[in-house]
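For this chain, numbers begin at 1 and follow the sequence in order. Computation of the quantities below employed the complete heavy-atom set of this structure, encompassing side-chain atoms and omitting hydrogens, waters and symmetry-equivalent molecules.
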Amino acid sequence: MHDRTYPSSAGLRRVRPLAVLLLVLAMAAAVFGGRAAASGPATNTAAAHPAAAAASSLPCDIYAAGGTPCIAAHSTTRALFAAYSGPLYQVQRSSDHSYKDIGLLSAGGYADGASQVSFCSGTTCTITKIYDQTSKHNDLPISSGGLWKGPGPNGSDIGANASALPITAAGHQVYGVKVTSGVGYRVDHAAGAPTGSQPEGIYMVTSSNLTNQWCCFDYGSGENSHTDTGNATMNAIYWGNACWFGGCVGTGPWVEADLENGMYHTGTGSNKDPNNQGVHYPFVSAWEKNNGTSNFTLKYGNAASGSLTTTYSGALPKGYSPMKTDSSLLLGTGGDNSNSDQGEFFEGAITAGYPTDATENAVQAAITAAGYGSTTGPNTISVTNPGTQSATTGTAIAGLQIQATDSASGQTLTYSASGLPAGLSISSSGQITGTPTTAGTYSVIVTATDSTGATGTASFTWNVSGSTTTGGTTTGGTTTGGTTTGGTTTGGTTTGGTTTGGTTTGGTTTGGTGGGTCHVAYTRTSEWPGGFTADVTVSNTGTAAVNGWSVGFSMPGDQKITNGWNATVTQSGQAVTAVNMSYNSTIAAGGSTSFGFQGTFTSNDASPTAFTLNGAACS
């Protein structure tokens, strides 16, 4: 949505002189507890979990169980998948311009707010990236701007102050995104985003504490061109006090739909419902879904407790069926980068498909269980660290029982693990058994989960060695600090790494385990005058895991990398090196990992064509 003249009857001043086109909203959808008629009162919908949703499921687990998976999941406060263990957002401090990823206290848990406090101590930090928790990697960097220029370099937007919105969630100190005029985040050509008339669902957690009537505190889909390309080219939640067509009952704030060229409360444009004069909660869940051809629905809820209220449901208006939605995902601005708004953002997700009311009710229950505003934390689970473990390839381990305690009585703990040596597994009761098959050093994380969804973790190292042979050909053993499997090491040293199924002759492979059997794909995800973003996917085509990786390449143009994500990215001249983070150091055999970065260029943004993994060339 872009700024335009607000009708004088709404008591709002003129912001920008753009035309207003009439849009009629509506939606027909079954709602638990009732249906909101096109001009009828808001109705409450009872919270009910689908049978497939487990008690410990988080929003995007529930959406997936309901057949409408998340294609983007953004939050600075907590995980939106029970198994997610990656970073939530990236900050940059002003004192030395260095970056830090802010992650989770545990998989499926809450943000590690203390790490931000420590990193930003004595200076200020800006949120430069909000990571997507889905496998689509639809991360939200700071927007490059659009028809309406932002206050940043070359008309780009700016990032939010990372410390400006401290809150408590289940007793944890975490931080939201405080959007003020000029702040905006955006990713274009988002992977898997619904386009055209494909159905889409959206929710976000926001607040009534910071709103205004200007355009546009949006979260959802917009135009890749960052310009107004006409009716039905957007599908986003707008949250604020705008009464675009005048004559509203109440003063807001409201959940509205920005479908481009109007933010809509109802099929006639403005809210006329005396039971919906504004939503006032410290934490608000806002909802919109659109089937792309005839229906969409608006809902809200108290994000701390209770069920959902449907404020509108009805048919799409003339000229808006079918929808023509584009695949840019945005937060904090309108489709053409209108950015006079303000608001608060804590979490949100975008789905492929039209979620059922039952699914949305279950997601609402998962939101209220998050404890927004609560100073009382969940159950505390303490996992006993077993210490460093050792094993030998081909020899079964005796079995390692993981021990944990729960602050709540009567709880049954379920165990899981990541990073185990190949050939080992953990049972739900916490017993690790098996026979290691691959030598190396493994970083293991074990997690215990109780029936309330509370978790505890412990991290330890597992060293797996093989039989040692020096000189000649070594198969399934160790040659001078590294493992050579099914190949020949001649006249050289393999240090700290694994050479699998190949020959290392008169040279050194360092910096991790693996290399030589790999494939790298470089994708420029967006480009604008003087700037670009790119994603790099590294695939392990070998038969052994890569434990610790470093990817090297040269920029053929005059690009300068300014920040990165999912890796520590450094540049010297044209040479670039990307080194794994602690949470993605292992690439399983046949698996892959991705990282990305943002940069600038003057005249040449050509893509690199040659890559190495731990010093070995990749295809």
Next item on the list: Determine, step by step, whether Gln92 and Cys125 satisfy the side chain to side chain contact (heavy atoms under 4.5 Å, CB included) criterion, reporting the C-alpha distance in whole Å, the side-chain angles of both residues, the deciding distance to 0.1 Å, and the verdict.
Entry: CA-CA 5 Å; Gln92 182 185 34; Cys125 281; over 6 Å; no
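- Of the possible donor and acceptor atoms, one in the side chain of Asp139 sits under 3.5 Å from a partner among the backbone N and O of Asp132.
- The distance from the CG atom of Leu58 to the CZ atom of Phe81 is 9.5 Å, given to the nearest 0.5 Å.
- A distance of 9.0 Å separates CG of Leu80 from CG of Asp61, quoted to the nearest 0.5 Å.
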Note to self: Let's go through Tyr415 and Val446 carefully: what are the C-alpha distance in whole Å and the side-chain angles of both, what is the deciding distance for side chain to side chain contact (heavy atoms under 4.5 Å, CB included) to 0.1 Å, and is it a yes or a no?
What the structure shows: CA-CA 7 Å; Tyr415 294 83; Val446 291; 5.8 Å; no
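- Annotation: the span from Thr447 atom OG1 to Ile381 atom CD1 amounts to 9.5 Å, rounded to 0.5 Å.
- Remark: the backbone N or O of Phe119 is paired with a side-chain donor or acceptor of Arg93 at under 3.5 angstrom.
- Of the possible donor and acceptor atoms, none in the side chain of Gln571 sits under 3.5 Å from a partner among the backbone N and O of Ser554.
- The backbone N or O of Phe346 sits less than 3.5 Å from a side-chain atom of Ser75, completing a donor-acceptor pair.
- To the nearest 0.5 angstrom, Lys100 atom NZ is 12.5 Å from Thr128 atom OG1.
- Here CG of Leu105 is found 5.0 Å from CG of Asp112. Values are rounded to the nearest 0.5 Å.
- Between the side chain of Gln574 and the main chain of Met555, a donor-acceptor pair closer than 3.5 Å is present.
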Next item on the list: For the pair Phe345 and Tyr219, evaluate ring-ring contact (aromatic ring centres under 6.0 Å, His included) and give the outcome as yes or no after the intermediate values.
Entry: CA-CA 9 Å; Phe345 178 86; Tyr219 177 64; 5.2 Å; yes
